[in-house]
Amino acid sequence: LEINTMSLDWGYTDDNGPSTWAEKYPLAAGARQSPVDIDTSKATSDNSLVDREIDWSYPSNCSYRIVNTGYGWRVDTYGDDTALSGGPLSEVYKLEQFHCHWGATNDEGSEHTVDGKSYAAELHLVHWNSEKYSSFKEAASQPDGLAVLGVFMEIGNADNAELEKIISLIPKIIHKGQDSQASFDLDFGSLLPESKHYWTYLGSLTTPPCNECVIWTVFKEPITISERQLEVFRSLKSVGEEDAIEPEEGKLVKNYRPPLPLGNRVLRECGP
Ligand SMILES: NS(=O)(=O)c1cc(F)ccc1F
Ligand SMILES: [Zn+2]
């Protein structure tokens, strides 16, 4: 008798959420985990980052694939002519993908918090050290393998026009496993805040297997998205089309990991 419990290995519900991850993914209990609460009084602005602003160059027109991972949407880029350098980075990193985390209500949803404050959502642009390693997969097993840019998102009256290009594709990927190929000109510059001021620290992937391979750079200034746009995120489903469940079930209303202790890690900042 084979019972298909279809239970996810991990997720964000009470029985498979962040507090249970370490049972199957021991790295989740490590001392260099992400996200963290950014205690601004602990941030040091030593001279190591002075005039080392974070530099990115992304293409204006590119083809992308957006996929419903079951944990949210993810846009896979074909990071050929992308480059991230400067700031805390010693090498040039290539953009692999970007995705988002959000909550069921607007007073939660970001993964990093600032002095205990959550934002409504958080955008992650994931890069890998293509100077030292030969693939994203290999880089994800190295302590300096990945560089993730974190951008806080708060609710404003206006839609975010760049994000709208992605949101318009979400109705095509409502169910887990669905994907959509699109080539659109995405101005990444407007997915990032005007100010380049940031905090940086050494951390991990915020989902299992929680590898401790990320140099995190979190921008201080949030970007704004509209409530409607955030509702579209929440309309995604964590189950496949074939999983017969009630229409309201399986909705991805939250996919963020709460903060872990910074421990004795250094939190640096660049810019006021
Ligand atoms: N949320 S994250 O940016 O830490 C992340 C990036 C990946 F490429 C894979 C898993 C992750 F959890
Ligand atoms: Zn993420």
Side-chain angles (χ1 to χ4, degrees), residues 8-12 16-18 21-22 24-30 32-38 54 56 64-79 82 84 88-89 93-103 108-113 118-130 133 135-153 163 166 188 191-192 198-219 222-223 225 230 233 236 238 252 254-260 262 265:
L8 285 172
D9 221 9
W10 60 273
Y12 296 93
N16 67 7
W21 291 354
K24 293 180 182 166
Y25 300 95
L27 296 178
R32 180 189 151 167
Q33 288 293 291
S34 292
V36 296
D37 176 49
I38 293 168
I54 196 97
W56 58 77
Y64 302 97
R65 171 179 173 262
I66 186 168
V67 56
N68 178 331
T69 60
Y71 303 108
W73 59 265
R74 186 190 73 213
V75 173
D76 294 326
T77 63
Y78 305 103
T82 61
L84 180 74
L89 306 177
Y93 288 65
K94 273 194 192 314
L95 181 64
E96 171 75 8
Q97 51 104 325
F98 60 94
H99 63 271
C100 217
H101 301 265
W102 58 85
E108 56 171 29
S110 63
E111 299 211 296
H112 292 88
T113 54
S118 291
Y119 285 89
E122 186 173 330
L123 177 68
H124 288 159
L125 295 110
V126 182
H127 307 73
W128 62 280
N129 191 332
S130 56
Y133 309 113
S135 71
F136 169 80
K137 192 165 181 296
E138 181 197 356
S141 66
Q142 308 294 329
D144 61 352
L146 301 190
V148 183
L149 294 183
V151 184
F152 291 123
M153 302 167 110
L163 216 61
I166 293 153
F188 284 91
L191 284 180
L192 299 172
Y198 62 84
W199 294 286
T200 182
Y201 75 100
L202 298 181
S204 74
L205 302 179
T206 66
T207 67
C210 300
N211 301 12
E212 298 185 332
C213 62
V214 182
I215 298 173
W216 276 96
T217 299
V218 179
F219 287 107
I223 61 171
I225 65 170
L230 194 48
F233 289 179
L236 281 170
S238 61
L252 251 175
K254 88 179 205 186
N255 60 1
Y256 70 93
R257 185 188 196 186
L260 287 306
L262 182 68
R265 286 177 279 180

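Read the numbers this way: they start at 1 and go in the same order the structure lists the ligands and their atoms. Along the sequence shown, residues are numbered consecutively beginning with 1. Heavy-atom basis, side chains included; hydrogens, waters and symmetry copies ignored.
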Check against side-chain contact (heavy atoms from CB on, under 4.5 Å), Leu163 and Met153: CA-CA 11 Å; Leu163 216 61; Met153 302 167 110; 3.3 Å; yes
Angular separation of His99 NE2 and His124 ND1 about the Zn ion (ligand 2), given to 10°: 110°
Minimum side-chain heavy-atom gap Pro35-His101 below 4.5 Å: no
Location of contacts on Trp216 toward ligand 1, heavy atoms closer than 4.0 Å: side chain
Side-chain heavy atoms of His127 within contact of Leu149, under 4.5 Å: yes
Parallel, tilted or perpendicular, as decided by the 30° and 60° cut-offs, for the rings of Trp21 and Trp10: perpendicular
Side-chain donor-acceptor contact under 3.5 Å, Tyr133 with Ser141: no
Which N, O or S atom of His101 lies nearest to the Zn ion (ligand 2), by name: NE2
Nearest neighbour in protein (non-hydrogen) for atom 9 (C) of ligand 1: Leu205 CD2, 3.9 Å
Atom 3 (O) of ligand 1: nearest protein contact (heavy atom, Å): His99 CE1, 3.3 Å
Heteroatom test (N, O or S) for Cys100 near the Zn ion (ligand 2), limit 2.8 Å: no
Side chain His124, main chain Glu122, donor-acceptor under 3.5 Å: no
Which segment of Glu96 sits under 4.0 Å of ligand 1 when only heavy atoms are counted: neither
Identified side-chain contact (heavy atoms from CB on, under 4.5 Å) counterpart of Trp73 within the set Asn68, Leu236, Val67: Leu236
Val126 neighbourhood, listing ligand 1 atoms whose heavy-atom distance to it stays under 4.0 Å: 3 (O), 6 (C), 8 (F)
Protein heavy atom at shortest distance from atom 11 (C) of ligand 1: Thr207 OG1, 3.5 Å
Matching residue for Pro88 among Tyr201, Trp199, Tyr198 - test: side-chain contact (heavy atoms from CB on, under 4.5 Å): Tyr198
Contact check, side chains of Tyr93 and Leu146, non-hydrogen atoms, under 4.5 Å: no
Close-contact set for ligand 1 against His101 heavy atoms, below 4.0 Å: 1 (N)
Minimum-distance protein heavy atom relative to atom 8 (F) of ligand 1: Gln97 NE2, 3.2 Å
Heavy-atom gap Arg257 to ligand 1 smaller than 4.0 Å: no
Minimum-distance protein heavy atom relative to atom 4 (O) of ligand 1: Thr206 N, 2.9 Å
